[in-house]
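Notes follow the structure.
Throughout, protein chains are lettered first and strands after them, A, B, ... in sequence-line order, and every chain is numbered starting at 1.
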Amino acid sequence: MLRYIGRRGLILIPTLFAISVVTFIVIQLPPGDFLSTRMAQLQSQGDGSLGAQELARLTERYGLDQPIYVQYWQWFSNIIFRGDFGDSFDYGRPVSALLAERLPLTIVLSVLTLVFIWAVSFPIGVYSAVKQYSAGDYTFTFLGYLGLAIPNFLIALVLMWLSLRYFGTSPGGIFSPEYRDAPWSLAKFGDLLSHIWIPVVIWGTAGTAANIRVLRANLLDELRKPYVIAARARGNSERWMTIKYPVRVAMNPFFSTIGWILPGLIAADAITSQVLNLNTTGPLLLQALLAQDMYLAGSVLMISAALVVIGTLISDIALAWLDPRVRLRY
Amino acid sequence: MTQQLPGAGAAPALETEPVTAVDGDDQRIAVASQWKLVWWGFKRHRLAVICGIITLFIYLVAMFAPFLAPYNAGTHNSEYTYAPPQRLHLFDDGSFSPHVNGYTLEQDPETLALTFELDENTKVPVGFLVRGDEYKLFGLITWDRHLIGPKGDNGTPMYLLGADSNGRDMLSRIIHGTTISMSIGLVGVFLSLLLGVVLGGVSGYFGGKIDNAIQRLIEFIIAIPTIPLWMALFAAVPANWGQVQRYLALTVVISLVGWVGMAREVRGKFFAVKGDEYVTAAIADGASQGRVMFRHMLPSFTSHIIANLSLSIPTIILAETALSFIGLGLQTPTVSWGVLLQEAQNIRAVSTAPWILLPGVAVVITVLAMNFFGDGLRDAADPYKN
């Protein structure tokens, strides 16, 4: 097991490195980004002024007079050794401070959504497989298709609209206005719960739908295998037998789905959080890209990708712990 | 090989003795080509066939959009901001005379806001094949007839699905949006197909180190959250690029990430048939590697590739919609479903005019239909399975 974790962890290093390279390319890509515009501005101010000092500082900080690979190393080593992601020129603040503000909510919401996806798709997937071709199975299958077909921002818009229309408030944000700056209390926690389910449901729809399909298909395969017939022939009760054997085997791919659910959640965050008025990293990324504030945008992209890779690693380790066959493959 | 022989050998038996229906079916199946078998298999999925017809219909709408839409995409009328949808009445007092009811403006005494009410007493006659905005069909044929449109004397407009903030007809704009949204799926899929088949083919055929490298690349691309990466790549597209350039850039950006699914599928298939006798025979015949790959192996799983393609078109349509919605994809004056939904970003606007969400309904119907259709196709793609 330790050997597996070690090997799997080693693969992480080149992956994270590759992510940082892609991020750096993305940062360098836009021609008229904030930093170049600022540099051009400062250059036009001439020597001796405050502008020239600022120019020298920026050149030094980002290594702008150096070849591109030195620039990359300067940027990368600052992140690794000093936790310095550069500056957001749009906000006029260090990127790391902005990330520290926004990232916790993104992570909390992502974890909650994952729990939601599993909690909902597991019973439905098992039910659909055990009662294949029943009315319930058809209903859930259709709902699943629908969940995959509706863009999540559309669900967000419809929910917001309905709530504005029927309750007179827009459910955006994570707290009601009166609790936004209030100290933590039971009432504030209740208010949080009454808001937080909306992004969780919206982010989770597509993942739930896909997960139900995966579990249903896996369990259907397992249910036809001889060991199930053998277990049944021994007189085990159907319910207990199903949970004890085929469901356990069918669970395995279920765990590994985290690898593609997480990128979906990050994407959902980027698309819907603007509409939902959430203080997550999604709107930060969108704003930064629209303003070509590339160090901020690149950092959000890199952190999201790194979180996905680490999340996948955790799910792989969980899977290896669950299933010895996976362990031995490495 | 040997299994096909009885079918072929039994054919002369037809002349001498009457065959039962079952035997006839068996023979038909035994001599049918692969594509015929796929078609028979597909026909059995009734839902998939219906959804296939819907998909075809949507593509027809995309092709004949300017003719089907009552107005051109840019036609606006500022007097009719957020005019609500009108119902098309086909009969008037029992006789056939299609018409819609006109609008009256009402002012809310408290808020002073102007709202449109449908007036049962005024009638705007509606005709078929009426003269309207001039347009170019397929970019070639200039015409001014529209399938349906108002034919009132004073140019009173008609809004079957309501109007947007500039008094543009939602129905017309959704129909015009079909062209871009549907074609972006096709173009994007075509590019992903090229990349996917070549890289997946090379990976599966040669195996070893090349395979390893390509597999690592694919795993890496899958690990990066797609939509944020698309957003970031597309943010690099210069703002002064024209409509066509942005459109092409979007398809390239989408397929740069989208080819991985196709590559995995193709690689798996190449691995599966690599050891088959006919491949060995082709190699022994001295066929070049390219010929073995693309002439001999590829045709054996073309049906799978097509099924896969039909399933990735909706993904691309959804991606375009999402990117355009947040303002990082296509932009006005291009009309696509995502661009149309940009108006719905403002939740207050949605609550005054819920019909600006209707392009979303078009997206959902299209994606649903194409998913069901693609699933049916995939189930039928391997006729020798049973």
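- Residue B:L47 holds its CG atom at 8.0 Å from OH of A:Y145, rounded to the nearest 0.5 Å.
- Heavy atoms closer than 4.5 Å to chain B are found nowhere in A:A297, neither backbone nor side chain.
- Side chains of B:F325 and A:T272 form no contact here, defined as non-hydrogen atoms less than 4.5 Å apart.
- For residues 330-341 of chain B, the interface with chain A (any heavy-atom pair closer than 4.5 Å) comprises B:L341, sorted by residue number.
- For the pair B:L328 and A:L290, the minimum side-chain heavy-atom distance is below 4.5 Å.
- The side-chain heavy atoms of B:P228 and A:V300, taken from C-beta on, include no pair separated by under 4.5 Å.
- In this structure, B:V364 and A:L146 have side chains that are in contact, with non-hydrogen atoms separated by less than 4.5 Å.
- Expressed to the nearest 0.5 Å, how far CD1 of B:I347 lies from CG of A:N277 amounts to 11.0 Å.
- Annotation: side chain of B:L357 is in contact with side chain of A:W161 (closest heavy-atom distance under 4.5 Å).
- Looking only at side-chain heavy atoms (C-beta outward), B:P225 and A:S304 come within less than 4.5 Å of each other.
- The shortest side-chain heavy-atom distance between A:L286 and B:M231 falls under the 4.5 Å cut-off.
- Only the side chain of A:L154 comes within contact range of chain B, judged by heavy atoms closer than 4.5 Å.
- The contact between B:L318 and chain A is made entirely by side chain atoms (from C-beta outward), counting heavy-atom distances below 4.5 Å.
- Other residues, nucleotides and ligands place more than 12 heavy atoms under 6.0 Å from the CZ atom of B:F271.
- In terms of non-hydrogen atom pairs under 4.5 Å with chain B, the most contact-rich of A:I271, A:L29, A:I19 is A:I271.
- Counting heavy atoms from C-beta outward, A:V22 and B:F220 have side chains that approach closer than 4.5 Å.
- Most heavy-atom pairs under 4.5 Å with chain B, from the set A:L157, A:T312, A:N152, A:I150: that is A:L157.
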Stepwise side chain to side chain contact (heavy atoms under 4.5 Å, CB included) check, B:F234 with A:L289: CA-CA 9 Å; B:F234 205 66; A:L289 284 173; over 6 Å; no
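- With a threshold of 4.5 angstrom between heavy atoms, B:D375 approaches chain A through side-chain atoms but not through N, CA, C or O.
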